[in-house]
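Below, all heavy atoms of this structure are taken into account, side chains as well, without hydrogens, waters or symmetry copies. What you see is a predicted model; the values in this text were computed from it and never measured. Residue numbering restarts at 1 for every chain, and letters A, B, ... go by the order of the sequence lines.
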Number of protein chains: 2
Amino acid sequence: MGVREDEKDRIPSHPDVGTVTLQQVLEALVDPVRRKIVSALYAADDDLRCGTFDLPVSKSTATHHFHVLRDSGLIRQYYVGTSRMNTLRRKEIERRFPGLLAAVVGPGREV
Amino acid sequence: MGVREDEKDRIPSHPDVGTVTLQQVLEALVDPVRRKIVSALYAADDDLRCGTFDLPVSKSTATHHFHVLRDSGLIRQYYVGTSRMNTLRRKEIERRFPGLLAAVVGPGREV
DNA sequence: CCCTTAGTTCGGTCGCCATCAAACTTCGAT
DNA sequence: ATCGAAGTTTGATGGCGACCGAACTAAGGG
């Protein structure tokens, strides 16, 4: 396992969740498109490719949303071939903002 | 007890929390000024006058924020003399969005 | 009755953010 | 070596929301 050395360069930097503010996370989660992404990851309990989300926006806008989610510490991204995989940073977020994910994208939450 | 009949007209309408969407509540809570208001009400566990919040904005802007909070079902307002009192609709919100208030404005949350 | 206190309403400005199309990159497959 | 698939980057646009000041209203006190 492990990522090939030359893959690393394509992986954008991820923040330490400890440095992320509540303001940042809320700003990320307030957008319905981004909340749909996080909801899907939360429900799937598995990594998902960017293409699998069926978002109501163009690809460039989707890229923007993934970028915001990454910067806010909510997701981690890595490449598999030409696909970008997304991981919900569940445990880290839960430790820093207990109960937040469940309250916002947990089961039974409306879209 | 009870509110005088002619007081009623000065009280703006409050939505049924059941009809409020998660989107609305998140949009209300994403603003730091509004979150400061809700945090104070949450911590005080009592009704507070509009003037007691020490907000970093003008009075007209503060009015705007209280209006948004009212429309989102987070607070209830009523008059006492020339003062407007604010009540956090804690139980109703908790029933509709379990864990949300605690996660966003609960004890230990950063500003 | 006048003044103060507390907050609202109105009109307008400004900045940010979601959005898109177009051109580009990178990989895998043919 | 070419093509298609997947996503990025860039530049531009549009709309919404936070903000303010000024004028206003409503209640209570002197």
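In the helix from C:dC1-D:dG30 to C:dT30-D:dA1, the terminal helix axes, each the rotation mapping four pairs' C1' atoms onto the next four within five end pairs, subtend 10°, rounded to 10°.
Atom CZ in A:Phe66 sits roughly 18 Å away from atom C1' in C:dC17 (whole-Å rounding). Across the protein-nucleic acid pair, B:Asp71 atom CG and C:dT8 atom C1' stand 15 Å apart, rounded to whole Å. Atom CG of B:Leu69 and atom P of C:dT8 are 12 Å apart (whole Å). Here C:dC16 presents its P atom at 14 Å from CD of A:Gln23, a figure rounded to the nearest Å. The separation between A:Glu27 atom CD and C:dC17 atom C1' is 10 Å, rounded to whole Å. Between A:Lys59 atom NZ and C:dC24 atom C1' the separation is 12 Å, expressed in whole Å. Between A:His65 atom NE2 and D:dA6 atom P there is a gap of 20 Å when expressed in whole angstrom units. For the pair B:Tyr78 OH and C:dA6 P, the interatomic distance rounds to 16 Å; values are reported in whole Å.
Counting heavy atoms of neighbouring residues, nucleotides and ligands inside a 6.0 Å radius, atom CZ of B:Arg95 does not exceed 12 of them.
Looking at A:Arg70, its side chain never comes within 3.5 Å of a backbone N or O of A:Asn86 through a donor-acceptor pair. When atom types are taken as modelled, the side chain of B:Arg35 and the backbone of B:Val105 share no donor-acceptor pair closer than 3.5 angstrom.
Contact annotation: B:Arg34 side-chain N/O to D:dA18 OP1/OP2 distance is under 4.0 Å.
When each of B:Thr82 and A:Ala62 is assigned the nucleotide of DNA chain D bearing its nearest heavy atom, the one mapping closer to the 5' terminus is A:Ala62. Between A:Ser60 and A:Val30, it is A:Val30 whose nearest contact on DNA chain C lies nearer the 5' terminus.
For A:Arg84, whose side chain is taken as the heavy atoms from C-beta onward, the closest listed nucleotide among D:dA18, C:dA18, D:dG7 is D:dG7. Nearest to the side chain of A:His64, among D:dC19, C:dT19, D:dT8, sits C:dT19. The side chain of B:Thr61 approaches D:dC19 more closely than any other nucleotide in the set D:dC19, D:dG21, C:dG7. Of all nucleotides listed (D:dC20, C:dA21, C:dG7), C:dG7 comes nearest to the side chain of B:Thr63. With distances taken from any side-chain atom of A:Ser83 to the nucleotides C:dT9, D:dC19, D:dA6, the minimum falls on D:dA6.
Pairing each heavy atom of B:Phe66 with each of B:Gln77, the nearest pair is CB-NE2, 3.6 Å. When all heavy atoms of A:Arg49 and A:Ser83 are compared, the closest pair comes out as CD-OG, 3.4 Å.
Between atom CG of residue B:Leu26 and atom CZ of residue B:Phe97 there is a gap of 8.0 Å, rounded to the nearest 0.5 Å. The distance from atom OG of B:Ser72 to atom CZ of B:Arg89, rounded to the nearest 0.5 Å, is 9.0 Å.
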